[in-house]
Amino acid sequence: ESRPLGWFPTETCWSGTKEQLRELVSRKRKQHPNIDKPLVLAINAFQMDADLQDFLDALYGSEVIEATVGPEGTPLNPRAKRARDGVLLDKEGTKNQQIPLILGFCQLSAPNVLKAGVWVFQNPYAPDPDEISIPGLRRYVARDGRLDLEPGKGLGDLFGLPDGWPRAE
């Protein structure tokens, strides 16, 4: 005899993880409309396809290639850049300056602490981006028009958890 284990019925759809992350930041920001202190947001993306790129695109803008078109239709001087469609910078200008840091987690749960993606994203448009820091974690910082990753640890290393946690002997 067999029975479903809680995964029926199934549905499929195109994922818009970066759009969902943008909406989540906006919704969380609206919960604190009159805050006069820096606000640090923590976002845990549980979507199975969520990854670092979704966070980078949602916060700093989608990756695009900009090039001029030569006389024969060939691209000249292509360069990678970020579109102005992120929650920190959009077509209207800088946004959410009162959020100096956003902590991003991918599929973080108690049994998944060792494997979950964890990053700190610094807002380059905050009045004092270095005012608040979370030492030890990997951190993305915008410098000179590019995103730099400063090395850090995962949560397992930061908390000193043994390999195989939570079932480690």
Side-chain angles (χ1 to χ4, degrees), residues 6-7 14-32 35-65 79-90 94-169:
W7 58 340
W14 288 105
S15 174
T17 305
K18 69 180 174 184
E19 289 81 9
Q20 293 168 339
L21 290 172
R22 287 181 188 135
E23 176 59 32
L24 187 54
V25 170
S26 297
R27 204 170 1 151
K28 285 185 169 213
R29 176 64 187 102
K30 288 176 185 172
Q31 293 173 350
H32 308 281
I35 195 163
D36 62 349
K37 302 278 188 221
L39 176 65
V40 175
L41 297 182
I43 297 175
N44 191 7
F46 277 106
Q47 298 91 332
M48 292 304 292
D49 64 339
D51 61 15
L52 171 62
Q53 194 62 49
D54 292 315
F55 276 97
L56 294 173
D57 290 349
L59 301 176
Y60 299 107
S62 304
E63 284 186 311
V64 296
I65 301 294
R79 68 180 185 101
K81 64 180 268 185
R82 295 239 167 228
R84 293 181 70 155
D85 64 355
V87 294
L88 303 178
L89 177 69
D90 67 12
T94 59
K95 302 285 185 199
N96 298 307
Q97 292 94 335
Q98 53 287 87
I99 304 174
L101 295 178
I102 297 173
L103 278 79
F105 305 97
C106 280
Q107 295 99 24
L108 177 63
S109 62
N112 195 31
V113 169
L114 296 179
K115 295 179 182 177
V118 180
W119 307 276
V120 176
F121 302 97
Q122 187 177 41
N123 182 351
Y125 310 109
D128 185 2
D130 294 315
E131 176 181 13
I132 297 175
S133 68
I134 301 174
L137 293 176
R138 294 175 286 258
R139 181 172 81 145
Y140 275 88
V141 180
R143 291 189 184 107
D144 302 322
R146 67 179 193 280
L147 287 172
D148 291 337
L149 173 62
E150 293 181 348
K153 300 176 180 181
L155 290 178
D157 291 332
L158 197 63
F159 294 135
L161 300 175
D163 287 344
W165 188 88
R167 290 172 179 53
E169 301 293 325

Do any side-chain atoms of residues 139-147 form donor-acceptor pairs under 3.5 angstrom with protein atoms, and if so which ones, sequence neighbours left out?
{"unit_1": "Arg139", "atom_1": "NE", "unit_2": "Glu150", "atom_2": "OE1", "d": "2.9"}
{"unit_1": "Arg139", "atom_1": "NH2", "unit_2": "Glu150", "atom_2": "OE1", "d": "2.8"}
{"unit_1": "Arg139", "atom_1": "NH2", "unit_2": "Glu150", "atom_2": "OE2", "d": "3.4"}
{"unit_1": "Arg143", "atom_1": "NH1", "unit_2": "Asp148", "atom_2": "OD2", "d": "3.4"}
{"unit_1": "Arg143", "atom_1": "NH2", "unit_2": "Glu150", "atom_2": "OE2", "d": "2.5"}
{"unit_1": "Arg146", "atom_1": "NE", "unit_2": "Asp148", "atom_2": "OD1", "d": "2.9"}
{"unit_1": "Arg146", "atom_1": "NH2", "unit_2": "Asp148", "atom_2": "OD2", "d": "3.2"}

Distance check, rounded to the nearest 0.5 Å: [X] atom [atom1] versus [Y] atom [atom2]?
X: Arg29; Y: Arg27; atom1: CZ; atom2: CZ; value: 15.0 Å
X: Thr17; Y: Met48; atom1: OG1; atom2: CE; value: 11.5 Å
X: His32; Y: Ile99; atom1: NE2; atom2: CD1; value: 9.0 Å

Indicate the atoms forming the closest heavy-atom contact of [X] with [Y], along with that distance.
X: Leu101; Y: Gln122; value: CD2-CA, 3.9 Å
X: Ile43; Y: Phe55; value: O-CZ, 3.8 Å
X: Pro124; Y: Pro129; value: O-CG, 4.1 Å

If the condition is side-chain contact (heavy atoms from CB on, under 4.5 Å), which residues does Ser133 pass it with, not counting sequence neighbours?
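Partners of Ser133 under the side-chain contact (heavy atoms from CB on, under 4.5 Å) test: Pro135.
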
All side-chain contact (heavy atoms from CB on, under 4.5 Å) counterparts of Tyr125, not counting sequence neighbours
Leu88, Leu89, Thr94, Gln97, Asn123

For [X], enumerate each residue passing the salt bridge (charged side-chain N to carboxylate O under 4.0 Å, His left out) test, keeping only those at least two apart in sequence or located in another chain.
X: Asp36; value: none
X: Glu63; value: Arg82
X: Lys81; value: Glu66
X: Asp85; value: Arg22

Would you indicate whether the side-chain heavy atoms of Leu21 and Val25 approach each other to under 4.5 Å?
no

Please confirm whether the backbone N or O of [Y] pairs with a side-chain atom of [X], one donor and one acceptor, at under 3.5 Å?
X: Lys153; Y: Phe159; value: no
X: Asp90; Y: Lys95; value: no
X: Asp54; Y: Asp51; value: yes

Would you be so kind as to tabulate the donor-acceptor pairs closer than 3.5 Å made by side chains of residues 106-121, with sequence neighbours excluded?
{"unit_1": "Gln107", "atom_1": "NE2", "unit_2": "Gln47", "atom_2": "O", "d": "2.4"}
{"unit_1": "Asn112", "atom_1": "ND2", "unit_2": "Gln107", "atom_2": "O", "d": "2.6"}

Leu155 and Leu137: side-chain contact (heavy atoms from CB on, under 4.5 Å), yes or no, with the steps?
CA-CA 8 Å; Leu155 290 178; Leu137 293 176; 4.0 Å; yes

